[in-house]
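Worksheet: the structure to be examined is printed underneath.
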Amino acid sequence: MSKPFQAIRGMNDILPGESAQWQRLEATVREVLAAYGYGEIRLPLVEKTELFTRSIGEVTDIVEKEMYTFADRNGDSLTLRPEGTAGCARACLEHGLLHHQTQRLWYAGPMFRYEKPQKGRYRQFHQIGVEAYGMAGPDIDAELIALTARLWRRLGIRDVTLQLNSLGSSAARAAYRERLVAYFTARRAELDEDSQRRLTTNPLRILDSKNSALRGVLADAPALLDHLDPEAQTHFDELRALLDAAGIVYEINPRLVRGLDYYSKTVFEWVTDALGAQGTICAGGRYDGLLEQLGGPATPGVGFAMGLERLVALLATTDPSAAESAANPHVYLIRVGDAAQRDGLALAERLRDQLPELRLRMHCGGGGFKAQFRRADHSGAHYALILGDDEMASGRVALKPLRAAQGEQITLPREQVAVHLRAVLDLTA
């Protein structure tokens, strides 16, 4: 017998027992984004490779080493999207969404990068991205940060810290880059191989190195915040004042940079230690030059992306039972006998009509009472709803609690089952 197929390394299945937590997370994000007036945009998985080389930057790790790029049958170079901002900007330009108007948009779905798979980092990973276009002031930066802070509260996530920095204008960053290159060149022997390579390609990314051996070198490096242009400094000061007024706590991290070339001014990350080593669960910032870089008019933009795999893992540390309970049925319908087999489906459909929130699983595949009760108990359901010969003869239904402290088995007229379940399960009418 041949060996069964397995998923590609770094591209994982999300099984039914896990997907309930994903659904909870996605539903909460949708509710919060709708409350702030953001509309969903759905983007293709594949784009022209040039979109990413032009926006992300040809000397970034993503473009150099991590993109899934291939030639289609026409010989065109195409790429599985490694991130969503470039595609969202392309869609806005293509469909005229930014002509004399602002936009607040969000998208969700898989992204693809050829990285070394490890916990919380995969080759196919999932993001929710949020983008705002046409607003140049720090107020929209503050709104996005406030939105994420509200999301953590809604999800019950507490062990996260907001880190904040400013990259300044492109001109100020170019001048700072020269100072940084001079500094690191003088200490080149102390840099690891990856940092030495970045010294000639993307020296700002050296500041983001996770190599603990470089801490001393990085601590003495010139800080970008000391070289901001006046406009960027004012923008950053006003952003901080808005966050202070809203009671949003943050840390200034002068070493915080972004790995993509299109960022400018505000950058931020939400980080946590709850998953072991410090990990970023949400990151973003301002990219005022991106639309012009892609051939459109000069348009300010700001946004963020959150990694769903890491958020799901973080939710599991705060409430390990939440995913399991959300996936379990409220009621398991047991049917024994020919008459019950026929009437059980009709009963289940009536209950679903009357109680849209009810999670009801009907036993299928035959079996006696004992076998069906075992399935009911293993399902995690709160109650077993029983239709057998006695219930069919009396026109009633038995309701048996499957968990401790839920009372004794009772029988109910069929027309009262929905009312009783609504009360004991606290379902809305």
Side-chain angles (χ1 to χ4, degrees), residues 3-15 18-19 22 26 40-94 105-131 193-194 197-198 201-202 205 208 210 257-263 269 279-285 287 290-291 293-295 303-313:
K3 185 178 179 181
F5 283 106
Q6 294 185 331
I8 298 169
R9 185 167 181 251
M11 300 186 180
N12 301 329
D13 301 306
I14 299 170
L15 304 179
E18 305 166 306
S19 61
W22 285 70
E26 291 162 351
E40 183 182 8
I41 184 169
R42 302 197 176 194
L43 305 167
L45 293 178
V46 179
E47 299 274 7
K48 292 181 178 179
T49 302
E50 186 185 3
L51 174 68
F52 300 115
T53 57
R54 189 185 297 186
S55 61
I56 296 173
E58 293 191 33
V59 294
T60 58
D61 285 352
I62 293 175
V63 171
E64 286 185 330
K65 299 186 295 184
E66 297 173 0
M67 294 202 313
Y68 282 90
T69 297
F70 58 95
D72 70 0
R73 292 185 179 183
N74 293 325
D76 296 325
S77 181
L78 305 180
T79 296
L80 291 174
R81 62 186 186 191
E83 56 92 48
T85 298
C88 189
R90 187 269 310 150
C92 286
L93 293 175
E94 182 176 345
L105 303 170
W106 70 273
Y107 49 85
M111 310 291 168
F112 302 86
R113 296 184 192 176
Y114 190 84
E115 298 184 288
K116 182 180 179 181
Q118 52 188 291
K119 185 177 180 180
R121 176 171 291 183
Y122 306 106
R123 291 175 178 174
Q124 176 177 309
F125 57 99
H126 297 78
Q127 285 186 342
I128 290 179
V130 179
E131 317 286 353
E193 182 179 348
D194 196 43
R197 180 181 61 82
R198 285 174 170 168
T201 58
N202 198 346
R205 287 303 312 279
D208 199 32
K210 302 301 186 290
V257 296
R258 304 253 28 92
L260 311 182
D261 280 358
Y262 51 63
Y263 281 102
E269 289 187 0
T280 301
I281 60 169
C282 176
Y287 45 86
L290 175 61
L291 277 296
Q293 198 172 315
L294 295 179
F304 66 81
M306 59 183 75
L308 298 193
E309 280 82 0
R310 289 187 180 182
L311 278 175
V312 168

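Position 1 is the first residue of the sequence, and the numbers go up from there.
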- How would you list, by chain and number, every residue that makes a side chain to side chain contact (heavy atoms under 4.5 Å, CB included) with Ala313, sequence neighbours excluded? Leu275
- Taking all non-hydrogen atoms of both residues, which atom of Gly87 and which atom of Leu43 are closest, and how far apart? O-CD2, 3.9 Å
- For Thr85, does its backbone N or O pair with a side-chain atom of Tyr107 as donor and acceptor, under 3.5 Å? yes
- Which heavy atom of Ser55 sits nearest a heavy atom of Leu294, and at what distance? CB-CD2, 4.0 Å
- Message: Just verifying a value: how many Å separate Leu105 CG and Ile41 CD1, rounded to the nearest 0.5 Å?
- Response: 5.5 Å
- Query: Of all residues at least two apart in sequence or in a different chain, which pass the side-chain hydrogen bond (donor to acceptor under 3.5 Å, both in side chains) check with Arg42?
  - Reply: Glu40
- Query: Looking at residues at least two apart in the chain, or sitting in another chain, which of them share a side chain to side chain contact (heavy atoms under 4.5 Å, CB included) with Tyr114?
  - Reply: Tyr68, Arg123
- Item | Sequence-distant partners of Glu26, salt bridge (Lys or Arg N to Asp or Glu O under 4.0 Å), two or more places apart | none
- Message: Run the side-chain hydrogen bond (donor to acceptor under 3.5 Å, both in side chains) test against Glu47 and tell me which residues pass, sequence neighbours left out.
- Response: Arg90
- Item | Contacts of Gln6 that satisfy side-chain hydrogen bond (donor to acceptor under 3.5 Å, both in side chains) - sequence neighbours left out | none
- Task: Provide the closest heavy-atom pair for Cys282 versus Phe304 in the form atom of the first, atom of the second, distance.
- Result: SG-CD1, 3.5 Å
- Query: For the atom pair CD (Glu66) and OG1 (Thr79), what is the distance rounded to the nearest 0.5 Å?
  - Reply: 12.5 Å
- Message: So does Pro82 get a backbone contact from the side chain of Arg113, meaning a donor-acceptor N/O pair under 3.5 Å?
- Response: yes
- Query: For Ser77, which residues count as a side chain to side chain contact (heavy atoms under 4.5 Å, CB included) partner, sequence neighbours excluded?
  - Reply: Thr49, Thr69
- Item | Spatial distance of atom CD (Gln124) from atom CD1 (Ile8) [nearest 0.5 Å] | 9.0 Å
- Message: Glu18 vs Val312, test: side-chain contact (heavy atoms from CB on, under 4.5 Å). Steps then yes/no.
- Response: CA-CA 9 Å; Glu18 305 166 306; Val312 168; over 6 Å; no
- Hey, does the side chain of Asp13 reach the backbone of Leu15 with a donor-acceptor pair shorter than 3.5 angstrom? no
- Report the residues that fulfil side-chain hydrogen bond (donor to acceptor under 3.5 Å, both in side chains) with Glu50, sequence neighbours left out, ordered by chain and then residue number. Arg54
- Message: Could you measure the distance from the CG atom of Leu80 to the CE atom of Met111? Nearest 0.5 Å is fine.
- Response: 11.5 Å
- Spacing of CZ belonging to Arg81 relative to CZ belonging to Phe52, to within rounding of 0.5 Å: 8.5 Å
- Task: Drop me the distance from Arg310's CZ to Ile281's CD1, to the nearest 0.5 angstrom.
- Result: 9.5 Å
- Residue pair Gly285 / Tyr287: nearest heavy atoms and the distance that separates them: O-CD2, 3.7 Å
- Please list, chain by chain and in numerical order, all residues satisfying salt bridge (Lys or Arg N to Asp or Glu O under 4.0 Å) with Glu193, sequence neighbours excluded. none
- Would you please name every residue forming a side chain to side chain contact (heavy atoms under 4.5 Å, CB included) with Glu309, sequence neighbours left out? Trp22, Tyr122, Phe125, His126
